[in-house]
Peer 1: 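Before anything else, here's the structure in question.
Nothing here was measured: the structure is a model prediction, and the numbers come from that model.
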Amino acid sequence: MSTPATIKAGIAMPPKNPNKVPIPGERNVLITSALPYVNNVPHLGNIIGSTLSADVYARYQRVRDINALYICGTDEYGTATETKALADGVTCQELCDKYHPIHKQCYEWMEIDFDKFGRTTTEEQTKIAQDIFMRLYERGLLVEDSMLQLYCGQCDRYLADRFVEGTCPKCNYDDARGDQCDQCGTLLNATELVNPRCKLDGNRPVQKASKHLFLDLEKLQKQCEEWYEKASVEGRWSNNGKVITQSWFKEGLKLRCITRDLKWGTPVPLPGWEGKVFYVWFDAPIGYPSITANYTKEWEKWWKNPEDVKLYQFMGKDNVPFHTVIFPSSLIGTGENWTLLNTLSTTEYLQYETGKFSKSRGETGIPPSVWRYYLLSNRPETNDSQYLWKDFIARNNNELLANLGNFVNRVVKFVNGKYESNVPTLNETAAPATESDEKLLREVNERLKLYVEALDDVKIREGLRLAMEISALGNVYLQENKIDNALFADHRARCDRVVVTALNLIYLLSAVLFPYMPSTSESIARQLNAPVRLLPDTFAVDSILPGHVINKAEYLFKRIDEKQEDIWRAKYGGTGSEPAADDKKKKKKASAKAAAAPVFKGEKPAEVIALEKQIEDQGLKVRELKAAKADAAAVQNEVSALLGLKKDLAELFAKLTV
């Protein structure tokens, strides 16, 4: 909308630029969220951990009038896609074409506003990934070696563990997978299975050596570590991101296999390497620049311009080493001047009653702003958090409705009724500013300063808390001044000042809330008959001017009946009817697993994070030994070490929570 003359000039948010490029000499922010696997629908955990959190930060840049580009897309190559396509009886491309729009629709409904939501199955992905690979190859940073794998002659392919089934050598369960027996829980090498069979055609595979290429991370450790030391300080990385990355350097970087025997992936561009593709965790992060290249031909101005661009990346903690070690090492190894990670924002895990977000989001009738508010106020920044329908309903009713909704609706309806929607002129002589007015300005500006500092530091949950405090200050202001019919009738000049102050505070709130609840922000602006505005450094009663005419009041939020808790849990997260025997078995195992993995309340101490990283690394070691078909005794020794570390963690939790 055009800005009315009765709205302060220069405060309207400019339209979104569809062709962004970095502006030399100004702040330019490149934002990415971890690419979700294409082979399933989005769930609440990866939404809060990456896409939604990054969206808040991207919208914050926009409301501060800072040039920022937000990039994401579906990660479409790899074994996971092949497996899902096989299960669904479709080609990999058909699977990707089915699920990519599902992801896009879910994020659009959640009001996640990417500048480009792309995919990794593009010509630009192939071109950029192969170029990075060839530069590493030509600079002597790739090493050739071979691994023993199962090979199916019938379908002419090496088989990933998940493509092998057979009889468990421990319990004789005849449907064991190539990496683990679901019956007894034993970790397995695919070669250990009795009568192994190819999951694709049922034929018996044979053992066969396969050559692969490894990235020599040891040669790159010094440069990568030097970059990390600078970036983690300047970018104020979260503690878990630093601890996880440091543990990799402390242990020493090693050769990392970057090729796989798959048909679905970016081909290795070397003679004699036909049939090989890049490993997904070498290939996938290159999706960030390739998706940018599909947004603009000038993508290198974003990705090869560290002097003018700051890169912010959002993800769950399980993705950290791929973004802080492997991807930057790959870019450093090319010898080019890449834009490397500046600020890393990670989350712990969100444990929730329902993963069926794609279904529950629409059927509950709850608007996106409420979902966004609950997830962001519950963002697992320093420890795991839980999604609970009871808490969800309480936050809607007791915070959004009782605080923010009440403040906005009370003021707008009062102006609609008493002032016929016209903003009055202040009479400074009859009603000068009081201590209540000055206190409001002082306290709002204190919170506003802290809000800006919080979001500059990517403290997203803290920023939302401060936004709601500003709204609460507005409610206190109305109570202190007893805004009602009597004030309007008996102290009109004072009532005028309270109304004008409150309307300007509501307009400020529309900007403060824009990163978190854009629809709510737009509704507030619409009720005020004003454009969505930029966020100022300080609050003053000078944005909505006398004579301005506002629109009719709208309800920002609706009360949710507490009875809905049981209904929604049963529908989206409950068991419903008596589970089948196989479901009981799975739930029993899940319960045992949950019991063995206690949740630490509060910020995790460094020793907890370090031990969790050791468990993650040990698990990786077990999987790599299995992939290399190592001696069974050696694998079992490492499995025992893994179990010991898990026991140590449980004991540490018990000690810290006494």
Peer 1: Under the salt bridge (charged side-chain N to carboxylate O under 4.0 Å, His left out) definition, can you give me all pairs with a residue in residues 94-110, not counting sequence neighbours?
Peer 2: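 Of all non-adjacent pairs touching residues 94-110, those that pass salt bridge (charged side-chain N to carboxylate O under 4.0 Å, His left out) are Asp97-Arg119, Lys104-Glu108.
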Peer 1: Parallel, tilted or perpendicular: which fits the ring planes of Tyr57 and Tyr60, with parallel below 30° and perpendicular above 60°?
Peer 2: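 Aromatic pair Tyr57/Tyr60 classed tilted.
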Peer 1: Over all heavy atoms of both residues, which pair between Cys96 and Trp264 is shortest? Give the atoms and the distance, please.
Peer 2: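 Minimum heavy-atom separation between Cys96 and Trp264: SG-CZ2, 3.9 Å.
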Peer 1: Specify whether Trp303 and Phe327 have parallel, tilted or perpendicular ring planes, treating 30° as the upper limit for parallel and 60° as the lower limit for perpendicular.
Peer 2: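 Trp303 vs Phe327 ring planes: perpendicular.
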Peer 1: Report the residue from Thr339, Val309, Asn305 that forms a side chain to side chain contact (heavy atoms under 4.5 Å, CB included) with Asn28.
Peer 2: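 When side chain to side chain contact (heavy atoms under 4.5 Å, CB included) is applied between Asn28 and each of Thr339, Val309, Asn305, only Val309 qualifies.
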Peer 1: Is there a side-chain contact between Val29 and Tyr312 in this structure, where contact means two heavy atoms from C-beta onward sitting under 4.5 Å apart?
Peer 2: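 Yes, side chains in contact.
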Peer 1: Which pairs with one or both residues in residues 110-129 pass ring-ring contact (aromatic ring centres under 6.0 Å, His included), sequence neighbours excluded?
Peer 2: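 Checked against ring-ring contact (aromatic ring centres under 6.0 Å, His included) - neighbours excluded - the pairs reaching residues 110-129 are Tyr70-Phe114, His100-Phe117, Tyr107-Phe114, Tyr107-Phe117, Phe114-Phe117.
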Peer 1: Just how far is it from atom CH2 of Trp281 to atom CG of Asp75, taken to the nearest 0.5 Å?
Peer 2: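 Nearest 0.5 Å value for the CH2-CG distance: 7.0 Å.
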Peer 1: Under 6.0 Å from the six-membered ring centre of Trp338 and within 45° of its axis: does the NZ or CZ of Lys304 meet both?
Peer 2: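 Yes, a cation-pi geometry holds between Lys304 and Trp338.
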Peer 1: Determine the minimum heavy-atom distance between Ile112 and Arg372, stating which atoms define it.
Peer 2: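 Result for this residue pair: N-NH1, 4.0 Å.
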Peer 1: Under a 4.0 Å threshold between the charged nitrogen and the carboxylate oxygen, would Lys230 count as salt-bridged to Glu226?
Peer 2: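 Looking at Glu226 and Lys230, the cut-off is not met.
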Peer 1: What salt bridge (charged side-chain N to carboxylate O under 4.0 Å, His left out) pairs are there with at least one residue in residues 24-33, not counting sequence neighbours?
Peer 2: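 Those involving residues 24-33 do not exist here.
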Peer 1: His103 vs Tyr37, test: ring pair (Phe, Tyr, Trp, His ring centres under 6.0 Å). Steps then yes/no.
Peer 2: CA-CA 10 Å; His103 277 264; Tyr37 283 124; 9.8 Å; no
Peer 1: Name all pairs fulfilling the salt bridge (charged side-chain N to carboxylate O under 4.0 Å, His left out) condition that reach into residues 127-143, sequence neighbours left out, sorted by first residue then second.
Peer 2: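 Matches after skipping sequence neighbours: Asp131-Arg135, Arg135-Glu336.
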Peer 1: Go through the structure and list residues passing ring-ring contact (aromatic ring centres under 6.0 Å, His included) with Tyr151, not counting sequence neighbours.
Peer 2: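 Tyr151 satisfies ring-ring contact (aromatic ring centres under 6.0 Å, His included) with Tyr158 only.
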Peer 1: Does the ring of Trp273 carry Lys211 above it, NZ/CZ under 6.0 angstrom from centre and within 45° of its axis?
Peer 2: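 So Lys211 does make the cation-pi contact.
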Peer 1: Any pair with a residue in residues 258-268 that passes salt bridge (charged side-chain N to carboxylate O under 4.0 Å, His left out), sequence neighbours left out, goes on the list, sorted by first then second residue, please.
Peer 2: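 Counting only pairs at least two positions apart or across chains, the salt bridge (charged side-chain N to carboxylate O under 4.0 Å, His left out) contacts touching residues 258-268 are Asp261-Lys276.
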